[in-house]
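What follows is one structure encoded as C-alpha cells, with my remarks underneath.
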Amino acid sequence: ALLCKYAGVLEGGAGALAAATIVSKTGQEMGPLFVKALFCNWLVCLAVYLSMQAKDMGGKYLSIWLPVSTFVSIGFEHSVANMFILTAGLLSTDAVTLDTALTHNLIPV
C-alpha cells in the first residue's frame, strides 16, 4: 500500500474507493462481522481441502478459485485480505484512525 501511495495509484478514484471501503468496513457491528469472518474462514478451509483432493493442476486452480471468489463476491471478511485495503484506506483518508481500523475490523476478524 505504501508503494501504491508513492506511485500515485491512490490519487483519484482508487484512493476514494479505498477510503469509502475502510469507512464501511470499520462501521459494522461486531456480531455480523464475526459471522462474516467465520463463514469466510470456512470457505478458505474448503479451498485448501478441495485443492488437496485434486489430482491435476487445473483441478487445484479451480478448487481454490471457486471458494475464494465466492467469499470475495459475497463480501465476507478475511483479516489477511483486509490488510491491504485497510492500509490503503488509512493512507487515503483521515476519517478513520489506525486504532479504529484495528479494533473495529482487523482484530475481531
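When all heavy atoms of Pro108 and Phe34 are compared, the pair lying nearest together is O-CD1, 4.4 Å. Contact between Ala54 and Gly59 at its shortest, heavy atoms only, is CB-C, 3.6 Å. When all heavy atoms of Gly15 and Ser92 are compared, the pair lying nearest together is O-CB, 3.4 Å. Taking both residues in full, the closest heavy atoms of Cys40 and Phe76 are given as CB-CB, 3.5 Å, listed atom of the first, atom of the second, then distance. Scanning all heavy atoms of the two residues, the minimum distance from Ala1 to Leu91 falls at O-CD1, 3.6 Å.
Ile74 and Trp42 fall within the same hydrophobic cluster, where Ile, Leu, Val, Met, Phe, Trp and Tyr residues are linked whenever their side-chain heavy atoms come under 4.5 Å apart, directly or through other members. Note: the hydrophobic cluster containing Ile22 also contains Ile107 (ILVMFWY, side chain heavy atoms under 4.5 Å, direct or indirect links). Using a 4.5 Å cut-off between side-chain heavy atoms of Ile, Leu, Val, Met, Phe, Trp and Tyr, with links allowed through other members, Leu43 and Leu62 fall into different hydrophobic clusters. One hydrophobic cluster holds both Phe71 and Ile64 under the rule that ILVMFWY side chains link at heavy-atom gaps under 4.5 Å. Hydrophobic cluster membership is shared by Leu46 and Val35, with clusters built from Ile, Leu, Val, Met, Phe, Trp and Tyr side chains linked at under 4.5 angstrom.
Note: Glu11 CD to Lys5 NZ = 5.0 Å, rounded to the nearest 0.5 Å. Atom CG of Leu10 and atom CG of Leu90 lie 11.0 Å apart (nearest 0.5 Å). From Met57, atom CE reaches atom OG of Ser51 across 9.5 Å, with rounding to the nearest 0.5 Å. The distance from the CG atom of Leu50 to the CH2 atom of Trp65 is 13.5 Å, given to the nearest 0.5 Å.
Between the side chain of Asn105 and the backbone N or O of Ala101 there is no donor-acceptor pair closer than 3.5 Å. Between the side chain of Thr103 and the backbone N or O of Asp99 there is at least one donor-acceptor pair closer than 3.5 Å. No donor-acceptor pair closer than 3.5 Å links the side chain of Lys36 to the backbone N or O of Glu77. Panel note: side chain Thr87, backbone Met83; a donor-acceptor pair is recorded below 3.5 Å.
In this structure, Ser63 and Tyr49 have side chains that are not in contact, with every pair of non-hydrogen atoms separated by 4.5 Å or more. Residues Lys60 and Met52 are not in side-chain contact: their nearest non-hydrogen atoms beyond the backbone lie 4.5 Å or more apart. Looking only at side-chain heavy atoms (C-beta outward), Leu86 and Leu106 come within less than 4.5 Å of each other. The side-chain heavy atoms of Val109 and Leu33, taken from C-beta on, include a pair separated by under 4.5 Å. In this structure the side chain of Val23 reaches within 4.5 angstrom of the side chain of Val96, judged on heavy atoms.
Residue-environment remark: CD (Glu29) stays at or below the threshold of 12 foreign heavy atoms within 6.0 Å. No more than 12 heavy-atom neighbours from other residues, nucleotides or ligands sit within 6.0 angstrom of CG on Asp94.
Considering only residues two or more places apart in sequence or on other chains, Thr100 meets the side chain to side chain donor-acceptor pair (under 3.5 Å) condition with Thr97.
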